[in-house]
J.: 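Please find one structure pasted underneath; my questions will follow.
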Amino acid sequence: MTFDVRTLAAQRHRETQHAEVDWIMSLESARQSLKFVEIDYQSLEYLALASRSPGQFTVVVRLIYQYGKSHPHGELISDVILGYVNESPFSLSDWLDAIEYFNGWLEKNGRKIDFLPMLKYLECCIAAPDAKESGQTLGALIQDMLNVIGYEG
C-alpha cells in the first residue's frame, strides 16, 4: 500500500478546513521521516484521518519517530496506540487530542517522557473509577488529572 499524500491532504482539507498545503507538508514530512521507523502506511493513514489538524498529526508523528528511534526492536507503537483505543470508550481522535494536550503540558513544564509511558498514563487515567463516571471527554479528563495529580514519571 502506498501513502497517497495529495489525495489524503485534499480529503483532510475538506474535512478540517485547515490549508491543504499544511496537510501536504505534514503528511509528506511524516512519510519521509517514518520510512526509517517501523510503521505501516495503513496505521499512518488512520492517524492522519483521526487528526484534527496538521499540527496535531505532526506532534503524534514526532512522538512515533522518537519512540521508533529509541526502541528499534520494540513493539510497533502504532499497534499499541490502536490497541489502547480499541480497549477504551474513546475514539482515536479523542486519544490524539489527549496526546497533544499531554505533550504540550510536558513541554510547558520542562519535562520529557518516552511515548509508551505517556500512553500508559492516559490508559490509567481512563481506568480510574472516577473517570468512568464523570462523562468527560478524554481531553478534559487528562487535563483534570494533570492539574490535580500531575505526572511523576
Side-chain angles (χ1 to χ4, degrees), residues 1-107 112-128 131-132 134-143 145-146 151 153:
M1 173 180 194
T2 62
F3 189 65
D4 186 350
V5 169
R6 295 224 178 258
T7 301
L8 190 54
Q11 177 183 350
R12 296 308 295 144
H13 163 66
R14 284 189 306 277
E15 294 169 352
T16 67
Q17 302 305 306
H18 289 277
E20 188 171 342
V21 69
D22 293 341
W23 277 111
I24 289 171
M25 291 172 45
S26 183
L27 293 165
E28 182 60 27
S29 176
R31 189 178 69 76
Q32 289 296 321
S33 63
L34 293 182
K35 67 183 175 184
F36 302 109
V37 173
E38 199 170 330
I39 186 170
D40 65 277
Y41 285 138
Q42 184 68 48
S43 296
L44 191 57
E45 187 171 321
Y46 288 150
L47 293 169
L49 290 171
S51 295
R52 298 188 201 277
S53 70
Q56 183 179 72
F57 180 69
T58 298
V59 166
V60 173
V61 166
R62 186 173 7 95
L63 292 167
I64 290 170
Y65 176 80
Q66 290 168 347
Y67 178 85
K69 286 305 215 180
S70 299
H71 303 88
H73 304 294
E75 290 181 83
L76 216 62
I77 197 67
S78 57
D79 289 347
V80 173
I81 296 167
L82 296 175
Y84 280 143
V85 170
N86 288 336
E87 294 171 10
S88 82
F90 297 102
S91 70
L92 180 54
S93 293
D94 295 330
W95 274 80
L96 298 181
D97 289 343
I99 290 167
E100 181 181 40
Y101 180 83
F102 193 4
N103 186 68
W105 184 90
L106 289 166
E107 287 177 358
K112 287 186 179 189
I113 63 167
D114 199 35
F115 196 24
L116 190 56
M118 178 190 289
L119 294 172
K120 288 181 180 182
Y121 180 87
L122 297 176
E123 183 207 20
C124 287
C125 290
I126 292 168
K132 293 180 181 182
S134 73
Q136 291 179 305
T137 65
L138 182 55
L141 174 64
I142 299 309
Q143 185 175 359
M145 293 293 226
L146 288 170
Y151 180 77

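Index from 1, following the sequence. Because only heavy atoms are used, hydrogens play no part in the values below, and waters and symmetry mates are left out as well, while side chains stay in. What you see is a predicted model, and the numbers here were worked out from it, not measured in a lab.
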J.: Do Leu106 and Lys112 make a side-chain contact, defined as non-hydrogen atoms from C-beta onward lying under 4.5 Å apart?
T.: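 They are not in contact (no side-chain heavy atoms under 4.5 Å apart), so the answer is no.
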J.: Is Lys120 paired with Glu123 through a side-chain N to carboxylate O contact shorter than 4.0 Å?
T.: no
J.: May I ask you to test the Ser51-Val60 pair for a side-chain heavy-atom distance under 4.5 Å?
T.: no
J.: Parallel, tilted or perpendicular: which fits the ring planes of His71 and Tyr67, with parallel below 30° and perpendicular above 60°?
T.: parallel
J.: For the residue pair Ser93 and Ala50, what are the closest heavy atoms and their distance?
T.: OG-O, 2.7 Å
J.: How long is the gap from CZ on Phe115 to CD1 on Ile64, to the nearest 0.5 Å?
T.: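 So the gap between those two atoms works out to 5.5 Å.
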J.: Looking at every non-hydrogen atom in both residues, tell me the closest pair between Gln143 and Tyr101 and how far apart they are.
T.: CG-OH, 3.2 Å
J.: Atom CG in Leu44, atom CZ in Arg31: separation rounded to 0.5 Å?
T.: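 Here the rounded value is 10.0 Å.
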J.: Measuring from Ile113:CD1 to Asn103:CG, what's the distance to the nearest 0.5 Å?
T.: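 Ile113 atom CD1 to Asn103 atom CG measures 8.5 Å (nearest 0.5 Å).
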J.: Might you point out which heavy atoms bring Val5 and Glu28 nearest each other, and give the distance in Å?
T.: CG2-OE1, 3.5 Å
J.: Where is the tightest heavy-atom contact between Pro54 and Ser26, given as atom of each residue plus distance?
T.: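 Reported closest heavy-atom pair: O-OG, 3.2 Å.
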J.: Just so I know, are the side chains of Ser91 and Leu138 near enough to count as touching, which here means a heavy-atom distance under 4.5 Å?
T.: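 A side-chain contact is absent here, since even the closest heavy-atom pair is not under 4.5 Å.
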J.: Name the orientation class of the two ring planes belonging to Trp23 and Phe57 (parallel below 30°, tilted from 30 to 60°, perpendicular beyond 60°).
T.: tilted
J.: Does Leu82 offer a backbone N or O that forms a donor-acceptor pair with the side chain of Asn86 under 3.5 Å?
T.: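 Side chain of Asn86 to backbone of Leu82: a pair is present.
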J.: Once you round to the nearest 0.5 Å, how far does CZ of Phe102 lie from CG of Leu122?
T.: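 Nearest 0.5 Å value for the CZ-CG distance: 6.0 Å.
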J.: Does atom OH of Tyr46 have more than 12 heavy-atom neighbours from other groups under 6.0 Å away?
T.: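 No, OH of Tyr46 has 12 or fewer neighbouring heavy atoms, counting only those of other groups under 6.0 Å.
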J.: In Å and rounded to the nearest 0.5 Å, what is the OG1 to CE distance from Thr58 to Met25?
T.: 8.5 Å
J.: Just wondering, do Ile77 and Leu119 contact through their side chains at under 4.5 Å, heavy atoms?
T.: yes
J.: Any chance you could measure Leu47, atom CG, to Leu92, atom CG, to the nearest 0.5 Å?
T.: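 Taking CG in Leu47 and CG in Leu92, the distance rounds to 5.5 Å.
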J.: Check step by step if side chain to side chain contact (heavy atoms under 4.5 Å, CB included) holds for Leu34 and Tyr65.
T.: CA-CA 6 Å; Leu34 293 182; Tyr65 176 80; 3.8 Å; yes
J.: Does Thr16 use its side chain to pair, donor to acceptor, with the backbone of Arg12 at less than 3.5 Å?
T.: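 Checking the backbone N and O of Arg12 against the side chain of Thr16, a donor-acceptor pair under 3.5 Å is found.
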J.: I'd like to know if the side chain of His13 and the backbone of His18 have a donor-acceptor N/O pair within less than 3.5 Å.
T.: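 Yes, because the side chain of His13 sits within donor-acceptor range (under 3.5 Å) of the backbone of His18.
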J.: Show the numbers, then the answer: is there a side chain to side chain contact (heavy atoms under 4.5 Å, CB included) between Leu49 and Leu8?
T.: CA-CA 8 Å; Leu49 290 171; Leu8 190 54; 3.5 Å; yes
J.: State plainly whether the residues Arg52 and Asp94 are in salt-bridge range, i.e. N to O under 4.0 Å.
T.: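 A salt bridge links Arg52 with Asp94.
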J.: Does the pair Ser33 and Val61 meet the rule for a side chain to side chain contact (heavy atoms under 4.5 Å, CB included), with working shown?
T.: CA-CA 9 Å; Ser33 63; Val61 166; 4.0 Å; yes
